[in-house]
Amino acid sequence: QRETVLLLYGVAFVFALGAVVQHFIPPEAPLAAAPYAVYLATIAAVCWRAGYLRRPEAARAMLARRARNAALHALGRYAITALTPPDAPVEIDDILRMVRRQARLQFVEAWYEEDEVLIGAAGGAAAEAADPLTLDPVERVRVRAANGKRVVIRFRFDHKPEITEVDDISACLAHIFEYANLRRRAAAAPGRRMQTADCRP
């Protein structure tokens, strides 16, 4: 934290100094471009200090995460808007299928925790038939829905995810189920029971 504050103060000081110097240098003088060179050098130094110039893969990862989060944010807004009307034609299964494709999940499902009623699912059958030794453990998130009921969301990736990817998908699903209007299913899925161990708060 202290290093970040000092860096911000340093950048602000250099930019302010460049602005003052530019004010006193005539436009036709040979040093007229010096303040702009200081600006560019400062930005390059900050990028170097952050590792984006030393490690190009870090910059690519940052851009990829930003694009993924933009898509997840748009999907979350659409889901909440589409599910809000009581007579909405969109079902929660449709939203979960979109999330599954966007996040590259093998399956995703949501349950009411108290009575283990399945709210919606996508890709569950494929998950049961797959070899569990080739996949990451099932991720679980627990949230309180807009109707006051506790919901447990379970999902599993079809690839080896980064830790930031797990957090971003968990946040997207939690946001959807916290604010969307969930229509309760009539009964629990036959022959299936929810596993709620190790749920994320």
Side-chain angles (χ1 to χ4, degrees), residues 61-62 64-201:
M62 180 190 67
R65 186 182 185 189
R66 183 172 299 178
R68 181 181 69 238
N69 284 346
L72 292 174
H73 183 66
L75 179 57
R77 286 187 301 174
Y78 166 75
I80 294 171
T81 303
L83 293 171
T84 296
D87 56 346
V90 178
E91 297 291 340
I92 191 63
D93 288 357
D94 302 325
I95 300 300
L96 291 180
R97 277 192 290 269
M98 295 180 188
V99 174
R100 182 192 175 204
R101 287 194 299 267
Q102 177 64 37
R104 297 165 57 199
L105 302 179
Q106 191 185 31
F107 80 95
V108 56
E109 58 189 26
W111 301 75
Y112 283 123
E113 186 178 35
E114 291 88 348
D115 45 13
E116 297 191 5
V117 171
L118 183 65
I119 304 171
E128 298 298 333
D131 181 4
L133 297 180
T134 63
L135 299 167
D136 289 344
V138 175
E139 303 289 341
R140 297 176 178 86
V141 182
R142 178 187 288 119
V143 299
R144 185 171 294 277
N147 58 13
K149 292 183 174 293
R150 288 196 302 270
V151 174
V152 173
I153 310 162
R154 304 173 65 246
F155 63 94
R156 183 162 58 190
F157 290 89
D158 64 2
H159 60 284
K160 179 67 174 178
E162 300 289 338
I163 185 61
T164 57
E165 191 174 359
V166 177
D167 293 339
D168 294 341
I169 302 305
S170 299
C172 175
L173 289 168
H175 181 69
I176 291 175
F177 282 90
E178 281 180 347
Y179 293 99
N181 179 31
L182 303 179
R183 291 182 290 281
R184 180 188 180 106
R185 290 189 173 187
R192 296 187 61 190
R193 294 187 63 82
M194 176 184 61
Q195 300 177 4
T196 58
D198 301 328
C199 288
R200 292 169 179 252

Any non-hydrogen side-chain atom of Phe107 less than 4.5 Å from a side-chain atom of Arg154? yes

Got a sec: does the CD of Glu178 have more than 12 other heavy atoms crowding it under 6.0 Å? yes

Does the Arg156 side chain pair with the main chain of Glu139, one donor and one acceptor, at a distance under 3.5 Å? no

Taking side chain to side chain contact (heavy atoms under 4.5 Å, CB included) as the test, write out the residues that go with Arg65, two or more places apart. Arg68, Asn69, Thr164, Asp168

Write down the atom of Gln102, the atom of Ala71, and the distance for their closest heavy-atom approach. NE2-CB, 3.5 Å

Which distance, rounded to the nearest 0.5 Å, do you find between the CD of Glu91 and the CZ of Arg97? 9.5 Å

So Tyr78 and Ile95, side chain to side chain contact (heavy atoms under 4.5 Å, CB included) or not? Walk me through it. CA-CA 9 Å; Tyr78 166 75; Ile95 300 300; 3.7 Å; yes

Could you check if a side-chain atom of Phe155 sits within less than 4.5 angstrom of a side-chain atom of Leu96, using non-hydrogen atoms only? no

Check Leu105 against Val108 and note the closest heavy-atom contact, atom names and distance. CD1-CB, 3.9 Å

State the CD1-NE2 distance between Ile80 and His175, to the nearest 0.5 angstrom. 3.5 Å

Closest contact, heavy atoms only, His159 versus Glu165: NE2-OE2, 2.9 Å

Find out whether Leu173 and Ile153 are in side-chain contact, i.e. whether some heavy atom of one side chain is under 4.5 Å from a heavy atom of the other. yes

For Leu118 versus Ala110, what's the shortest heavy-atom pair and its separation? CD1-O, 3.4 Å

Search all heavy atoms of Ala146 against all heavy atoms of Ala180 and return the closest pair with its distance. CB-O, 3.8 Å

Counting distance only, does the side-chain N/O of Asp93 pair as donor-acceptor with the main-chain N or O of Ala121 below 3.5 Å? yes

Could you walk me through whether Trp111 and Val117 pass side chain to side chain contact (heavy atoms under 4.5 Å, CB included), step by step? CA-CA 5 Å; Trp111 301 75; Val117 171; 6.0 Å; no

Can you name the nearest heavy-atom pair linking Phe177 to Val143, along with the distance? CB-CG2, 3.9 Å

Go through the structure and list residues passing salt bridge (charged side-chain N to carboxylate O under 4.0 Å, His left out) with Arg150, not counting sequence neighbours. Glu113

Beyond-backbone contact of Val99 with Ile176, side-chain heavy atoms, under 4.5 angstrom: yes

